[in-house]
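Counting starts at 1 for both ligands and their atoms, following the listed order.
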Amino acid sequence: SASSFGGGDATIGGSGKRVPVGLKKPSKRVVVTGGAGFVGSHLVDKLLARGDSVIVIDNFFTGRKENVVHHFGNPRFELIRHDVVEPILLEVDEIYHLACPASPTNVMGTLNMLGLAKRIGARFLLTSTSEVYGDPLEHPQKETYWGHVNPIGVRSCYDEGKRTAETLTMDYHRGAEVEVRIARIFNTYGPRMCLDDGRVVSNFVAQALRKEPMTVYGDGKQTRSFQYVSDLVDGLVALMEGEHMGPFNMGNPGEFTMLELAEVVKEVVDPSATIEFRPNTADDPHMRKPDISKAKEQLNWEPKVTLREGLPRMVTDFSKRILSAEK
Ligand code: NAD
Ligand code: UDP
Ligand code: UDP
């Protein structure tokens with residue numbers, strides 16, 4: 001259904017003659033759950049910039065009001081403090097479902113957002129994760145791979161929660177004809193990332209800026225692929241608006257060992273930065289790298305920003321935040 005926001009007539013030039021906006025696409029009403037978080041807030045920036053009306057639902061569990069405060073006062077922006085574990089009634093065209101702590105509430109929140117999508121006929125996009133592949137036995141990972149996940153390990157709550165969320169999403173598609181989209185997101189970094197959530201890029205950057213040693217877990221030879229947040233946001237919007245439901249891998253195929261990542265952070269932040277080895281966590285995936293041929297072919301999407309280009313942009317944001325917090 002078309003949106004009731006925006007559109008209509010516009011006056012151009014000084015002639016005072018009213019002309020229809022015509023070919024301009026109607027703006028949409030969009031919900032972004034988790035929109036005050038790292039990825040969500042960048043997505044909100046993009047949707048508002050192109051004229052959509054955006055409702056953010058966030059309980060500020062890991063997100064921050066500062067991430068979206070620059071939109072306060074914009075009549076097309078609304079922020080609702082709400083836990084998606086509780087049902088909610090809204091009228092929108094699209095739901096980007098990002099809200100997710102690493103716990104079973106992930107499943108309850110997804111169920112509610114699917115119920116909402118079903119009732120109002122909105123399109124639903126789930127931000128799933130590369131963790132559904134577990135400690136993969138196939139490398140690089142294609143979407144057809146079913147994964148290698150320990151159901152009872154310390155990481156299982158997140159992994160299995162997202163696997164269940166994917167299952168629910170497909171059940172609502174098959175059973176209730178909800179139009180759905182699934183993105184499997186690989187490690188993403190950029191400005192506004194949580195400072196102390198323990199992810200490797202945020203840890204290394206914050207440690208190097210604070211003149212502390214970078215903590216490398218295990219032997220540091222495990223690999224990951226790091227995607228810059230603007231590439232991901234472009235991919236999510238292309239997926240929401242394309243004809244294919246996925247799942248689609250969304251990640252940067254560049255692959256780095258943690259030791260190599262520490263080297264890049266050293267180059268960018270501080271040539272005198274040091275590293276320190278720590279024991280690794282259980283069930284840590286040994287390697288991870290997306291095969292993105294499906295997204296390239298069906299969504300015409302691929303990442304553009306390399307780690308060496310993206311990292312300095314994150315460092316600028318982190319150094320500002322660390323300075324102001326530690327003043
Ligand atoms: P984030 O923690 O910055 O954002 C999540 C947001 O959801 C936060 O603002 C948080 O307050 C909110 N939230 C959590 N539980 C909620 C609840 N019950 N009700 C309402 N709001 C709630 O994380 P992010 O990195 O921006 O991740 C966004 C999505 O992308 C998540 O679904 C995550 O699983 C997925 N993902 C991210 C990455 C990555 O590398 N960043 C990788 C794979 C998947
Ligand atoms: N739901 C919601 N908003 C809505 C519609 C549904 O939050 O506008 C919730 C609803 O409370 C339920 C879940 O989504 O917990 C699943 O809804 P559905 O209608 O699919 O399931 P049912 O209520 O029939 O079990
Ligand atoms: N890691 C590390 N030092 C840190 C934090 C993480 O060496 O300070 C390693 C971790 O063991 C894992 C990799 O970096 O092998 C990526 O961890 P992260 O938590 O960022 O992402 P995920 O494991 O979910 O891919």
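Not one N or O of Cys194 is nearer than 3.5 Å to an N or O of ligand 1, by distance alone. In terms of N/O distances under 3.5 Å, ligand 1 is approached by Val39.
Residue Lys118 touches ligand 2 through its side chain alone, judged by heavy-atom distances below 4.0 Å. Using a 4.0 Å cut-off between heavy atoms, Arg224 contacts ligand 3 through its side chain alone, with no backbone atom that close. Contacts with ligand 1 closer than 4.0 Å are made by backbone heavy atoms (N, CA, C, O) of Asn187 only, the side chain lying farther away. In Met258, the part holding a heavy atom less than 4.0 Å from any atom of ligand 3 is the side chain.
Within a 4.0 Å radius of atom 23 (O) of ligand 1, the protein has no heavy atom. Within 4.0 Å of atom 8 (O) of ligand 2, at least one protein heavy atom is present.
Side-chain contact check for Ser53 and Arg29: no donor-acceptor pair (N or O, by modelled atom type) lies under 3.5 Å.
In this structure, Thr281 has no heavy atom closer than 4.0 Å to ligand 3. The shortest heavy-atom distance from Arg278 to ligand 3 is not under 4.0 Å.
Here Arg210 contributes atom CZ and Asp270 contributes atom CG; the two are 14.5 Å apart, rounded to the nearest 0.5 Å.
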